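Just so you know, ligand 1 is whichever comes first in the structure, and atom 1 is the first atom listed for that ligand. Only a predicted model underlies this, so the values are computations on that prediction, with no experimental measurement involved.
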Amino acid sequence: MANKSKFQAIRGTRDLLPADTALWNRVEQTAREVFGTFGFGEIRPPILEATEVFARAVGGDTDIVSKEMYTFTDEMQGLPDPTDFSISPDHYVDAVEQAIKAGQIQVTDSNLKSLAQLKAQLGLYNSRNDLNSTEEAELKFRLSASHLAFGESISLRPEATASVCRAYIEHNMQQMPQPVKLYYMGPMFRRERPQKGRYRQFYQIGAEILGGPDAPAIDAELIEMLMTFFDKCGLQGTELSINSIGHAGDNCRRGYVAKLKAELEKVKDKLGADSQRRIETNPLRVLDSKLEQEQPIIATLPRIADHLCDECKAHYAAVKHELEQRGVIYRENWRLVRGLDYYMRTTFEITAQGLGSQNAVCGGGRYDGLVELLGGPPTKGIGFAIGEDRLILSLQESGKGAAPQGRDIYIAWMGERAYATAIRAAKDLRNAGFRVELPPTELKFGKALERASKLGSRFALILGDNEVADGQWTLKNLADGSQQKLTEQALLDYLKSL
Ligand code: HAM
């Protein structure tokens, strides 16, 4: 451990270094280009949101919200300090109540609980009966008050669909021509057990279509865009799975879930602990269990496709037809239910090669009703999110990584006069778009050429007193060792012509 640095990136997070970020940038640039051609604009929502946004949208019983979110209380600033003895306990409680009335402290379960505890403590303080216990009662009050948090519960986003819907409402985007097509890219946070392709800080590239009709062509075009993007990235072995999970009606998903639950109760003893729990919390999720022993049982369960209402059935059939018209190849998977509560009708997932067990490189689906759930008008919605870390991993495993970033030109200079010329040459060459390395201190030419090779430079520009005096610069091709003498202008023209 002796030479290990004391600080390391937090478990499940990592540094992306230049050798990797070149590919990340290429992928992101491709997304911008492809999504742009389909009429999408970029949105950059904040990374922090009120916890309630995710609890409502993604669902309180989902793993993401119940176990994996990074949540903390953003304490209200400006309340008096409870350990300040110049403010009496009564005054302090008054200040808290005023802040609640003024809306500075939100009326949430946790704030109300803290207030109740504070008042109970104040009651104890006020009921002290002799002078001796005054000091002790006051200390107790101040100590407990300083441990109570008043503020807003906020979370690092575990996904961005909820944020995009929140933004759609907040900015009255329903007033814009519908549907509104948005894409985003950036970090998401989930406290999952890290493994290959699974991180606690990971990156998504996502797109959402909000408003407008729920025409099946919208679902199909979104998926077409996704597959076009993967194709342009050179992703290998992609498989698109689709399903429809209907809508939340008694004649559709609700009816199906009731049937599924009844069937699951019958085989409960044969299921693992997770699935047994899910029979109560979210029976649909039993379907995406990967547990070996459960597979034969799941295969015999009723299938949602047989229980869709007429409209959802017709919608699903039309989505498949539209995909075929666009030449998008898909596989139907009746067990594809997805782990977030907001989905309805079309759901889809894409897997790619070289990823081991975490092989889902993208997930998405339709979520009509989500905007309404967050307090907006009834609005249709559909979208997806690509796991960028996994996409990159798969590209790297199939040898589609970017070439390492070398330098075009290394300027080997010696002498004061040559240095001044080297600075000017570096500026001109960089302005012309070349990647230039100008060593900050003088090096012997031999040493400089060694460094140039190590950096993967194509050329070394050799500038010594002779070159500066003659106005004839030496350009050495580091791949074949050949050298030529050129004037400044001729050198620029030559490099540009390559
Ligand atoms: P999701 O299926 O939870 O959906 O995530 C989408 C993708 O993000 C996954 O397929 C996976 O590639 C990647 N991903 C998820 N968790 C991790 C992790 N811990 N480490 C690395 N990659 C991960 C959503 O997030 C929805 N918001 C997608 C959506 C958008 N649906 C409609 N619109």
message: Taking Arg326 first and then Glu224, would you say they form a salt bridge - that is, a charged N and a carboxylate O separated by under 4.0 Å?
response: yes

query: Are Glu294 and Lys270 within salt-bridge range, i.e. N to O under 4.0 Å?
result: no

- prompt: In the protein, which heavy atom is nearest to atom 20 (N) of ligand 1, and how far is it?
  reply: Tyr199 N, 3.0 Å

query: Between Arg366 and Tyr343, is NZ or CZ placed under 6.0 angstrom from the six-membered ring centre and within 45° of the ring axis?
result: no

- prompt: If you draw the axis of the six-membered ring of Tyr199, does the NZ or CZ of Arg14 fall within 45° of it and under 6.0 Å from the ring centre?
  reply: yes

field: Sub-4.0 Å atoms of ligand 1 with respect to non-hydrogen atoms of Gly363
entry: 10 (O), 28 (C), 29 (C)

- line: atom 30 (C) of ligand 1 has as its nearest protein heavy atom Thr161 OG1, 3.0 Å

field: Identity and distance of the protein heavy atom lying nearest atom 5 (O) of ligand 1
entry: Gln204 NE2, 3.2 Å

statement: Honestly, for Arg338 the part within reach of ligand 1 (heavy atoms, under 4.0 Å) is side chain

message: Can you tell me how far apart CD1 (Ile205) and CD (Glu388) are? Round to the nearest 0.5 Å.
response: 4.0 Å

message: Side chain, backbone, both or neither: which applies to Phe384 and ligand 1 if a contact is any heavy-atom pair less than 4.0 Å apart?
response: backbone

- prompt: Do Asp219 and Arg345 meet the salt-bridge criterion of a basic N to acidic O distance under 4.0 Å?
  reply: no

- request: Could you tell me whether some N/O pair between Arg198 and ligand 1 is separated by less than 3.5 angstrom?
  value: no

- prompt: Could you go step by step and tell me if Glu397 and Lys196 meet the salt bridge (Lys or Arg N to Asp or Glu O under 4.0 Å) rule?
  reply: CA-CA 12 Å; Glu397 303 245 328; Lys196 181 181 174 188; 3.8 Å; yes

- prompt: Nearest to atom 29 (C) of ligand 1, what protein heavy atom do you find, and at what distance?
  reply: Tyr343 OH, 3.3 Å

query: So which bit of Ala160 gets within less than 4.0 Å of ligand 1, heavy atoms only: side chain, backbone, both or neither?
result: neither

message: Can you name the atoms of ligand 1, numbered from 1 with element, that are less than 4.0 Å from a heavy atom of Gly364?
response: 31 (N)

query: Between Glu159 and Arg190, does at least one N-O distance fall below 4.0 Å, as a salt bridge requires?
result: no

N or O contact, Ile386 vs ligand 1, cut-off under 3.5 Å: no

- request: May I ask you to decide whether Asp61 forms a salt bridge with Arg278, counting only side-chain N to carboxylate O separations under 4.0 Å?
  value: no

query: When rounded to the nearest 0.5 angstrom, what distance separates CE in Met76 from CD1 in Ile100?
result: 10.0 Å

- prompt: Does ligand 1 have any atom sitting under 4.0 Å from a heavy atom of Gly197?
  reply: yes

task: Just need the protein heavy atom nearest to atom 19 (N) of ligand 1, so name the residue and atom and give the distance.
output: Glu192 OE2, 2.6 Å

message: For Tyr342, which part has a heavy atom under 4.0 Å from ligand 1: side chain, backbone, both, or neither?
response: side chain

- request: Among all protein heavy atoms, pick out the one at the shortest distance from atom 27 (N) of ligand 1; state its residue, atom name and that distance to 0.1 Å.
  value: Glu159 OE1, 2.6 Å

query: Considering only protein heavy atoms, which is closest to atom 7 (C) of ligand 1, and at what distance to one decimal place?
result: Ala385 O, 3.5 Å

field: Gly249 backbone acceptor or donor facing Arg254 side chain under 3.5 Å
entry: no

query: Which one of Lys196, Arg157, Glu208 has a non-hydrogen atom at the shortest distance from atom 33 (N) of ligand 1?
result: Glu208

field: Full working for ring-ring contact (aromatic ring centres under 6.0 Å, His included) between Phe229 and Phe35
entry: CA-CA 8 Å; Phe229 165 70; Phe35 298 174; 5.7 Å; yes

- prompt: Within the structure, does Asp389 bring an N/O atom to less than 3.5 angstrom of an N/O atom in ligand 1?
  reply: no

query: Counting heavy atoms only, which part of Leu340 comes closer than 4.0 Å to ligand 1: side chain, backbone, both or neither?
result: side chain

task: May I ask you to list the atoms of ligand 1 that are less than 4.0 angstrom from any heavy atom of Tyr367?
output: 32 (C), 33 (N)

query: What protein heavy atom is closest to atom 9 (C) of ligand 1, reported as residue, atom name and distance in Å?
result: Ala360 O, 4.1 Å

- prompt: So, Arg407 and Glu437, do they make that salt bridge, N to O below 4.0 Å?
  reply: yes

